[in-house]
Amino acid sequence: MAKYFYKLGSETLELDVPKSVYCPEEDSELMAKIIANHNLRGMKLLEMGCGSGLLSIIANRVGAEVTACDINPEAVESTQQNAEKHNAKISLIHSNLFKNISKENKFDIIIFNPPY
């Protein structure tokens with residue numbers, strides 16, 4: 001299991017990332033920086049392909065009501081554990097894209113940092 005660290009203001013997020021889950025890199029850090037600089041209070045955000053949960057955790061920190069999904073069950077578990085470690089409230093769904101996302105759910109923002 002890899003450790004990943006992301007500096008968010010005065011806080012450092014430490015994420016545990018299993019080998020089967022994409023570890024955040026420059027692309028993730030670019031999206032993280034953009035998300036961290038927006039007030040998302042009251043907005044509903046869906047993260048497709050949540051991986052280790054970095055973007056979802058940051059989105060929750062800046063006020064979003066977050067739902068995250070991934071096709072990889074280990075990624076869903078990784079996001080759950082990392083969210084709990086950082087007191088982030090994230091609803092998690094194991095899903096292949098929108099397959100298990102209820103059509104009744106409406107989102108203001110959908111983010112997706114696709115794997116290479």
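All values below were derived from every heavy atom in this structure, side-chain atoms included, with hydrogens, water molecules and symmetry-related copies excluded. Just so you know, these numbers come straight off a predicted model, no measurement behind them.
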Side chain to side chain donor-acceptor pair (under 3.5 Å) partners of Tyr4, counting only residues at least two apart: Glu29
Indicate every side-chain donor-acceptor pair of residues 65-73 with a distance under 3.5 Å to a residue at least two apart or in another chain.
unit_1, atom_1, unit_2, atom_2, d
Asp70, OD1, Asn72, N, 2.9
Asp70, OD2, Cys50, N, 3.2
Asp70, OD2, Gly51, N, 2.9
Asn72, OD1, Glu74, N, 2.8
Asn72, ND2, Ser20, O, 2.9

Holding to side chain to side chain donor-acceptor pair (under 3.5 Å), I want the full list of residues that pass it with Thr79, two or more places apart in sequence or in another chain. none
Testing the basics here: between Leu55 and Ser28, what is the closest heavy-atom pair and its distance to 0.1 Å? CD2-O, 3.6 Å
Residue that, paired with Phe98, satisfies side chain to side chain contact (heavy atoms under 4.5 Å, CB included) out of Asn105, Ile93, Leu46: Leu46
Side-chain polar contacts of residues 8-16 - donor-acceptor pairs under 3.5 angstrom, sequence neighbours left out - could you list them?
unit_1, atom_1, unit_2, atom_2, d
Glu11, OE1, Arg61, NE, 3.2
Glu11, OE2, Arg61, NH2, 2.6
Glu14, OE2, Lys3, NZ, 3.0
Asp16, OD1, Lys3, NZ, 2.5
Asp16, OD2, Lys85, NZ, 3.0

In terms of hydrophobic clustering (I, L, V, M, F, W, Y; side-chain heavy atoms under 4.5 Å; direct or indirect links), are Ile35 and Met48 co-clustered? no
Same cluster (ILVMFWY, side-chain, under 4.5 Å), Leu97 and Val76: no
Within this structure, what is the OG-CD distance for the pair Ser78 and Gln80, rounded to the nearest 0.5 Å? 10.5 Å
If you look only at pairs with a residue in residues 96-109, which of them pass as a salt bridge (Lys or Arg N to Asp or Glu O under 4.0 Å), with sequence neighbours excluded? none
What are the two closest heavy atoms between Leu45 and Phe107, and how far apart are they? C-CD2, 3.8 Å
Does any pair with a residue in residues 37-52 pass side-chain hydrogen bond (donor to acceptor under 3.5 Å, both in side chains), and if so which ones, sequence neighbours excluded? Glu47-Ser56
Look at the side-chain heavy atoms of Ile, Leu, Val, Met, Phe, Trp and Tyr, link any pair under 4.5 Å apart, and say whether Val21 and Ile111 land in one connected group. yes
Which atoms form the tightest heavy-atom contact between Ser95 and Ile101, and what is the distance? OG-N, 4.2 Å
Out of curiosity, Asn82 CG to Glu77 CD, how far, rounded to the nearest 0.5 Å? 10.0 Å
Tell me whether Ile57 is reachable from Ile109 by hopping between hydrophobic residues (I, L, V, M, F, W, Y) whose side-chain heavy atoms are closer than 4.5 Å. yes
Check: Tyr6 and Lys33 side chains under 4.5 Å, non-hydrogen atoms: yes
Ile90/Leu92 under side chain to side chain contact (heavy atoms under 4.5 Å, CB included): CA gap, chis, key distance, verdict: CA-CA 6 Å; Ile90 299 171; Leu92 284 149; 4.1 Å; yes
